[in-house]
Structure formats: C-alpha cells, structure tokens
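Source: prediction; values computed, not measured. Every chain is numbered from 1 and lettered A, B, ... according to where its sequence line falls, protein lines coming before strand lines.
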Amino acid sequence: MEYALHLLVFTSLYTIAAIGVNLIVGYCGLLTVAHAAYFAIGGYAYALLAHSLNSHRGLALLAAVVLSALLGSAFGVLSLFVDRHMLLLVSLVLQVAAATTASNWYSAGRAVGSIWNLTNGPFGITSIPKPTFFGVHFQSTERFALLATATLLLVYIFDRRLLLSPWGKVVVAIRDDEQVTRSLGKRVGLVRVQAFALASAYIGLAGALFASYLSYIGPTTATIEESFLLLAMVLVGGAGSRYGPLLGAGILIALPELLRLLQIQSSYAPSARLLFYGVAIVVVAHLRPRGVAADDSIQST
Amino acid sequence: MDELSQTLLNGLVRGLMIATLAAGFTIVYIPTRVFDLTLAGVYVAVPIVVLEIALVTNSYPLAVAFGLLLGAGISLISELASHYPLHRRGGTAGTHLICSLGIYIAISQGIVILFGGDVKYFRQGPDHLVRIAGSVLTFGQVVAGTLSVVLLVIFYLCLTNTTLGLRLRALGSNPTEFSLRGYNIRSYRALASTLGGLIVASSALVAAYQHSFDAYSGFTTVLVAIVASIIGGASSFKAPVFGGLLLGILHSMVVFYISTSWVDVFTLLALLTILVLRPTGILPDST
C-alpha cells in the first residue's frame, strides 16, 4: 500500500510538471528542453526558503513557484528574439548550464543557502520540511499523496479553464499562425511570455513538492535526462491534448515497474528506461512530422 | 605574460578540437538546415567501440578504421532511415532536431548497456611534455592540435574549392532549384551526412587520444561545438573554425581565471550574447 501511494505521489507530481511542459510544447508549439531547470529551481527555492521560513512553509512554496515563473518568463522573453529551432538549442544549453550551476555552486565550510554555497553542490540539500497548510501537516505518505493528488486536480482544472478562456484561444492561435494573430491586434509577445511563466510555475510547483516529499534536492534533479523524461511524457501522451500529460506520465512512471516485471537487471534499468524514451521520441516525431503538437490546429479550407 | 600565453595556447588547442567537431555539424547543417544531434551519438560511440575492438584484436589501426566506418555509417543510416523520410513528409526543423535527439539518447544508452558507463582511456599515466615558446603542452595536446589542423585544412579545401561544396551550399539555399537542375537531393544529403559522420568520428578519436571518454560526457562537448557553429555563423564553412577557436580560448580563460566548473555557464552567455547582438553569427556566409 505504501509503495502504491509512493507511485501515486510520483505520478501526480510528474503529471503537474508535464501539464506545464504541455502548455509550452503542445499549446504554444515551442520545442524546448529546459524543463528540469524550472523543476530544480522550484525544488531548491522551496528547500532554502522552507528552512528560513519554518513557520510559513506555504509562503516558501509560493515563493518557489514565483521564482520558477520568473525564470520561465525570462526564457519567454528570449524566445521572442530567436527562431523556433534555435530556441531548442538555446534551451539545451540553458539546461546544461543549470545542471552545472546546481552541481558546482558549493564552497566547503560555508553555510548552505549562502551566496558562496547556494546549492551545496553535489551533496544537495537535505532535511527539507514538508509543507503545512492551515495547521494541517503532510508528514505521512497518505497525507502527502492526498496533497499531491489534490494539487494535481487543482492545477488541471485551472489549466483547462485557462485554455478554454479567450487567453487560451490566443495561445493556440499564435501556435497555428503567429502572423495572422498579430494582425488581429493580439499581443503575441506578451501572451507567449505569460505562457512560459505559467508553464514554469506549474513545473516549479511540482519541483517544490517533489523536494519536500523526498526531503532532499540535489543536482540530479536538474539533469538533461529529467528534461528528456518530461518531454517524452508529453510527446508520448500527446502534445496539446487534454489528457496527454496524465497518460504520458502514467506510462513512463509505470515503465520502471514493467522493467522490474521483465527482470531487467537493476544496473541496466536506468539506461533501458532512457533508451525507451529516446525511441519513443523518434517514433512520435515520425508519426507527427509536421510538428509534434496534437491536431488542435485550425483546419484550412 | 607567461600565464596568459599558456592559457592562450591551451585555448588554441581546445579551440581547434571544438572547431573540428563543429565542422562535422556544419557540413550536415549547410545542405539540410538541421543540427543533427545523431552526430553526438557518433561522438560518444566511436571511441568506446574502437577501444573495445582494439582490446579484442590488439590492432589499433584496424579498430580506428572500423570506428571511422562506424561513425560514417551511423550518420548515413540516420539520414536515410530517419531524416530524409521526415524531409519528404514535410518535417519541420524542430521535428528533425527532436528526432535526432531521440536517436542520440538511444545510441548513448545502448552504448552504456553494451559497454558500460564507466570512464575509459586510450592511454594512461603521465604524458610527455613539449615546450613551445615558453609554454608547455602535453604530447596528447600536440597530437590533438596537429590532427585537428590537418582535418580542418582537408575539410576547408575540399569544401570551399570544389564543386561538392558549392552543390552542398546550393542544396541548402534552394532545394527546389537544386532538384530542378537534375541533382539528386537524397544522394547529396546522404553524402553530407557521411562526411559529417566521418569528421565527427575523427574528432572524437582525436579528443579521446588526449583525455578520457565515456558515454555521458559527449553531449556537453557536442553542444559546445554546435554553439561554436552558431557563434561563427552556421551557414558558412569557415565559421565553425572561428567559432571554435573563440570558444576554446574563452573556455581556457574561464578555467584559468575562474573555475572549470563554470565553463558551461559561460558557453551559454556567449551563445545568448551572439543570438541577441548578431543572430546570423560573427562570420555569416556572404553568398
């Protein structure tokens, strides 16, 4: 039962992150791989602030989300200056730089969270307290599973309502034809930056909850492999589709369990998992050569 | 002054190696307009396979020949089986890029499963030192730098002074016109991919001669090469040389004056600076 709840927490948190990735990749139509950077920012920010603001952990969670959103909006501003396929390369370099920063912002003998030792380098940050809301503590796995699932539900409903709103329709219109949308007087640049901010806020929230659940955050959270995992979840589930993130996260989180059933040696399991992600990405790219976003585009007459 | 000249010399050698790798990406980019990350898989796979074959056959020349063929073969198969079909079906640049990323992941993880993810070496132990004008280089650096120069000269002469280079640029510039003139797009794309694979395989072996290698570190190196190509001006044959040298010297300066840990961050800053100030690169193709 404990293990099933643990899987539920992981699936819920990764689905929240995948909803954010889906907003960028599926609805904005922009392929990027810097998602793990937002995930890690959210986790590290919560870890550092929760220690400082012990009695206001909800505030720490909010601050972590805001910081991720700020990074995302900065990247959104950058996306206005570069073309789409260059943006993917820039996001790759950003992701590698984020992983390097998480691994190397360390100085022996200095307090964790100080300007000389912000991330504690390869050792990561431990003893991260779980959030507390209105006096309710989420220490046990059962309660945290409830928190993760409730957060997923709230994020999903919010995301759906937003995408069905006029703002959401502008996002899809920008994906389908940016020039026409611009000619209709819509502020394309602003909407795109807002979408990036929102998406990275979702991902940062997932990262913060992930760090609090494990009571640990380290540089492995910011690796390019984590970005590939999030991207693969969206592509496999169906980018731009309503249930894509849930489907993709469910399949890919369940995959290690399948490898266990197939008795794949545990030392090979991480590589086998990544191999599957790579093949999945290639297959999806060939199934959707004109763009990996799902078929929500306006049909031409 | 001695420290500065040493840093510059180290940067020059590193820059030549980056430039050679960037040349491999450029030769594929110019006709196809895609940064083929499959070549990152070639960079990772070739040294490891060469080492394994050399250990079995006890013959490095045979292993190196096989490795070069393997690099060219992987790139050619990727082009014929994946990129060209995507091109025929109207695949976007982003789709090509993401597909090549998937192929790279599959190749690198396949290598880990088959040969392990541990660090490997062609040579071990302290290297000989060579004194050049008051500075010191290791024998590995001298060999790497020399071979890189040879490869770059061959690359540049073959592709800027021959009709092949002209046709590859023509293909990238206007594929429709190129096809209407009777040239086979598929053949030239395949040729470009094969040459790119060959250059990247050579570059990987040169780098592996100088330092250790494994299945995980190739991606970062390849990203640096792509950034060098973009900084130089991706549509030009001479641009990767300039971009590579610039990045090599920048890296060497960062390693000496700041820390080796922050090299990737400075690579990102260099890329962002160029993309914002001069998106076509420092030496874009003037044709």
Side-chain angles (χ1 to χ4, degrees), chain A residues 25 29-33 78 81-101 103-106 121 223-225 227-228 231-232 235 264-265 267-293, chain B residues 33-35 37 41 78 81-82 85-114 116-117 215-216 219-220 222-224 226-227 229-230 234 259-272 275-277 279:
Chain A
V25 173
L30 295 170
L31 278 171
T32 64
V33 283
L78 181 65
F81 291 95
V82 297
D83 68 23
R84 285 165 183 243
H85 86 273
M86 200 59 73
L87 189 67
L88 177 58
L89 288 168
V90 173
S91 70
L92 266 172
V93 179
L94 172 66
Q95 180 58 61
V96 170
T100 303
T101 306
S103 264
N104 294 303
W105 201 329
Y106 168 71
T223 58
I224 193 82
E225 283 82 14
S227 275
F228 291 156
L231 181 65
L235 295 182
I264 302 267
Q265 216 171 326
S267 57
Y268 292 143
S271 296
R273 193 164 55 111
L274 278 169
L275 182 67
F276 176 82
Y277 299 158
V279 171
I281 288 171
V282 174
V283 168
V284 170
H286 276 268
L287 288 174
R288 311 194 72 87
R290 290 177 189 270
V292 292
Chain B
R33 292 294 187 250
V34 173
F35 279 111
L37 290 173
S78 160
S82 181
L86 273 179
H87 167 75
R88 286 293 303 268
R89 293 161 64 203
T92 62
T95 309
H96 279 280
L97 204 48
I98 210 77
C99 185
S100 65
L101 186 60
I103 296 171
Y104 157 74
I105 297 168
I107 292 173
S108 63
Q109 296 309 314
I111 290 291
V112 170
I113 291 171
L114 290 173
Y216 300 107
F219 189 72
T220 316
V222 157
L223 266 189
V224 171
I226 293 175
V227 169
S229 196
I230 295 169
S259 165
T260 189
S261 309
W262 299 103
V263 163
D264 293 331
V265 175
F266 277 86
T267 305
L268 173 67
L269 289 174
L271 175 65
L272 291 177
L275 283 179
V276 170
L277 296 178

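- The two residues B/W262 and A/N104 have their closest heavy-atom pair at CZ2-O, 3.8 Å.
- For chain A, the nearby part of B/V227 is the side chain; its heavy atoms alone come within less than 4.5 Å.
- When heavy atoms are compared at a cutoff of 4.5 Å, A/L78 approaches chain B solely by way of its side chain, counted from C-beta outward.
- Here A/Y106 pairs with A/F123 under the ring pair (Phe, Tyr, Trp, His ring centres under 6.0 Å) rule; sequence neighbours left out.
- Proximity to chain B (any heavy atom under 4.5 Å) is shown, for A/Y277, by neither the backbone nor the side chain.
- Using a 4.5 Å cut-off on side-chain heavy atoms (C-beta onward), A/L88 and B/F35 make no contact.
- Residues B/L97 and A/L31 are not in side-chain contact: their nearest non-hydrogen atoms beyond the backbone lie 4.5 Å or more apart.
- In plain terms, the two heavy atoms of B/V112 and A/S271 that are nearest each other are CG1-OG, 3.1 Å.
- With sequence neighbours excluded, no residue forms a ring pair (Phe, Tyr, Trp, His ring centres under 6.0 Å) with A/H286.
- Using a 4.5 Å cut-off between heavy atoms, A/V82 touches chain B through its side chain atoms alone.
- The distance from atom CD1 of A/I281 to atom CD1 of B/I105, rounded to the nearest 0.5 Å, is 4.0 Å.
- Of the atoms belonging to A/L30, not a single heavy atom falls under 4.5 Å from chain B.
- In this structure, chain A has a heavy atom under 4.5 Å from the backbone of B/A81, while its side chain stays farther away.
- When heavy atoms are compared at a cutoff of 4.5 Å, B/S82 approaches chain A by way of both its backbone and its side chain.
- With a 4.5 Å cut-off on non-hydrogen atoms, B/I113 touches chain A through its backbone and its side chain both.
- Rounding to the nearest 0.5 Å gives a distance of 8.0 Å between CG of A/L89 and CG of B/L271.
- Taking both residues in full, the closest heavy atoms of A/V279 and B/A106 are given as CG2-CB, 4.4 Å, listed atom of the first, atom of the second, then distance.
- At a 4.5 Å heavy-atom cutoff, the contact between B/L268 and chain A is made by backbone and side-chain atoms alike.
- In this structure, the side chains of A/L92 and B/L37 come closer than 4.5 Å at one or more pairs of heavy atoms.
- The two atoms that bring B/I98 and A/A285 nearest to each other are CG2-CB, 4.1 Å, heavy atoms only.
- Note that the CD1 atom of A/I224 and the OG1 atom of B/T220 stand 8.5 Å from one another [nearest 0.5 Å].
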